[in-house]
Protein chains: 2
Amino acid sequence: MEKTETEFLQRIIASPADEKCPIRKSLDLFSSKWRTWVLFELCKQPTYRFGELRKAIPPITNTMLTKTLRELEAIGIIQRKQFNEMPLRVEYSLTESGHALTPVFFEIAKWADQYLPTEN
Amino acid sequence: MEKTETEFLQRIIASPADEKCPIRKSLDLFSSKWRTWVLFELCKQPTYRFGELRKAIPPITNTMLTKTLRELEAIGIIQRKQFNEMPLRVEYSLTESGHALTPVFFEIAKWADQYLPTEN
DNA sequence: CAGTATCCCGTCCGATACTG
DNA sequence: CAGTATCGGACGGGATACTG
């Protein structure tokens with residue numbers, strides 16, 4: 001346990017200071033309200049239709065949901081599957097690398113339990 | 001290991017769907033390029049002066065660094081200590097709850113190792 | 001249903017100059 | 001040194017209407 005703590009600190013300290021730092025590049029990828037929210041929802045359920053995501057994320061608009069889904073798809077962490085039925089059906093789900101992000105959410109959850117300010 | 005995986009998925013799935021969800025509230029707190037970058041730097045070294053942070057984060061401006069530091073201080077994850085010397089010296093460092101975020105960075109690092117697209 | 005297209009407004013934020 | 005103040009432009013993103 002203590003060893004792990006030390007290890008990751010070493011890892012962070014040793015990370016390159018320039019824009020090539022993989023940790024910082026990853027942080028940038030997910031430093032967006034809509035991206036994290038969409039990913040968080042996609043963790044809950046194997047597949048979502050476009051309309052389901054809109055309902056799950058009430059404040060999001062068509063435009064932003066589409067934009068966010070395209071971005072996450074381009075990064076390769078979600079996949080879009082279109083069924084040419086009538087009416088049209090599209091299903092979104094996490095890819096393997098998307099699933100691999102769940103431990104990040106778990107650590108956030110643990111932190112929230114202990115430290116999240118509860119004033120609101 | 002598998003048990004942990006299952007546990008955190010249960011936790012995410014069971015999270016409230018409304019705006020009170022602590023995980024989503026935490027995600028919002030850190031869904032910002034400057035906040036994550038400043039926190040990441042503060043993990044590397046126990047204290048930073050204002051000017052050191054500016055150098056460590058080249059693209060940031062006075063305005064945004066100040067704003068970000070005040071926000072993180074308000075959340076309670078960093079602390080500001082002012083020494084009334086001449087010239088003025090101010091030191092920023094993580095609080096306990098700030099340090100508690102390092103496992104999140106660690107998971108991001110692990111993810112980056114395995115899945116970060118390397119095209120650029 | 002699952003989007004796209006367009007318009008438009010607010011805020012974010014960079015640049016610059018100034019201060020205790 | 002460690003900021004604050006001010007201005008102005010870019011752009012994120014909302015609202016609405018439309019389409020395959």
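Note on naming: letters A, B, ... go to the chains in the order of the sequence lines (proteins, then strands), and numbering restarts at 1 for each one.
Of the candidate nucleotides D/dG13, C/dG14, C/dA17, C/dA17 has the atom lying nearest to any side-chain atom of B/Asn62. When distances are taken from the side chain of A/Leu88 to each of D/dC1, C/dC1, C/dG14, the shortest belongs to C/dC1. Listed nucleotides C/dT4, D/dG3, C/dC13 differ in distance to B/Met64; the shortest reach to its side chain belongs to C/dC13. Among C/dG3, C/dG20, D/dG3, the nucleotide with an atom closest to any side-chain atom of A/Phe50 is C/dG3. Checked against C/dA15, C/dG3, C/dA2, the side chain of A/Arg89 finds its nearest nucleotide in C/dA2.
Atom NZ of A/Lys67 and atom P of D/dG14 are 11 Å apart (whole Å). Between the P atom of D/dA2 and the CZ atom of B/Arg80 lies a distance of 10 Å, rounded to the nearest Å. For the pair B/Leu69 CG and C/dC13 P, the interatomic distance rounds to 14 Å; values are reported in whole Å. Per the geometry, CZ belonging to A/Phe83 stands 14 Å off C1' belonging to C/dA2, to the nearest Å. Separating the OH atom of A/Tyr48 from the P atom of C/dC1 is a distance of 17 Å, rounded to the nearest angstrom. We find that OH of B/Tyr92 is positioned 15 Å from P of D/dC1, with the value rounded to whole Å. We find that NZ of A/Lys81 is positioned 18 Å from C1' of C/dC1, with the value rounded to whole Å. Atoms CD (A/Glu85) and P (C/dG3) sit 14 Å apart, rounded to a whole Å.
Residue B/Thr63 places none of its side-chain N or O atoms closer than 4.0 Å to OP1 or OP2 of D/dA5. In this model, the phosphate group of D/dA2 is approached by a side-chain N or O of B/Arg49 to a distance below 4.0 Å at OP1 or OP2. Between B/Arg70 and D/dT4 there is a side-chain N or O to OP1 or OP2 distance below 4.0 Å. Phosphate proximity of C/dA15 to B/Thr61: absent, as no side-chain N or O sits under 4.0 Å from OP1 or OP2.
With a cut-off of 3.5 Å on both Watson-Crick or G-U wobble distances, the partner of D/dG20 is given as C/dC1. Base pairing annotation: C/dC7 forms a Watson-Crick or G-U wobble pair with D/dG14, both donor-acceptor distances under 3.5 Å.
Ion pairing between A/Arg11 and B/Asp113 holds under the 4.0 Å rule for side-chain N and carboxylate O. Between B/Arg54 and B/Glu52 there is no salt bridge, since no side-chain nitrogen of the basic residue lies less than 4.0 Å from a carboxylate oxygen of the acidic one. A salt bridge is defined here as a Lys NZ or Arg NE, NH1 or NH2 lying under 4.0 Å from an Asp or Glu carboxylate O, and A/Lys67 with A/Glu71 meets this definition.
In this structure, A/Arg35 forms no cation-pi arrangement with A/Phe30, as its terminal cationic atom is not both closer than 6.0 Å to the ring centre and no more than 45° off the ring axis.
No more than 12 heavy atoms of other residues, nucleotides or ligands sit less than 6.0 Å from atom NZ of A/Lys55.
B/Arg54 comes within 4.0 angstrom of no nucleic acid atom, judged by non-hydrogen atoms across all strands.
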